[in-house]
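One structure is given here, and the rest of the page talks about it.
FYI, side chains are in, hydrogens and waters are out, and symmetry mates aren't considered; it's all heavy atoms of this structure.
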Amino acid sequence: MVSPPPIDQITERVERLLARHAELQHANALLTSQVLALTQERDSLRSRLNTARMRVDALLEKLPPDADDAPDAPTDLPKDA
């Protein structure tokens, strides 16, 4: 069996490398766009979390003090004491 001339082998290998390079560029572009989309989603979720946290804090401030936090004041003292 006769092997192809070296220039043909080199040409075939270069063509395969170019095809692989194009595939990797495409995959890289897709991954870059996914990273951008996920970064935007993360930032949006962080913003929503901060907003929710502020709303919860505001609601907690509106709650009356807990009975356990108030000083013990006897309410059932006899009248002559």
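With rounding to the nearest 0.5 Å, the separation of CG in L45 from CG in L38 is 10.5 Å. The line from CG of L24 to CG of N28 is 8.5 Å long, rounded to the nearest 0.5 Å. Distance check: I10 CD1 to E12 CD gives 11.5 Å after rounding to the nearest 0.5 Å. Considering NE2 of H26 and CG of L31, their distance stands at 10.0 Å, rounded to 0.5 Å.
With a 6.0 Å radius and a threshold of 12 heavy atoms from other residues, nucleotides or ligands, R13 has its CZ atom at or below the threshold.
In this structure, P5 and D8 have side chains that are in contact, with non-hydrogen atoms separated by less than 4.5 Å. Inter-residue side-chain proximity for R46 and L49 is flagged as unmet; no heavy-atom pair is nearer than 4.5 Å.
Formation of a donor-acceptor pair under 3.5 Å by the S44 side chain with backbone atoms of Q40 is not found in this model.
Among the candidates R55, R53, M54, the single residue satisfying the side-chain contact (heavy atoms from CB on, under 4.5 Å) test with D57 is R53.
Under the 4.5 Å side-chain heavy-atom criterion for ILVMFWY residues, a single connected hydrophobic cluster contains both V56 and L63.
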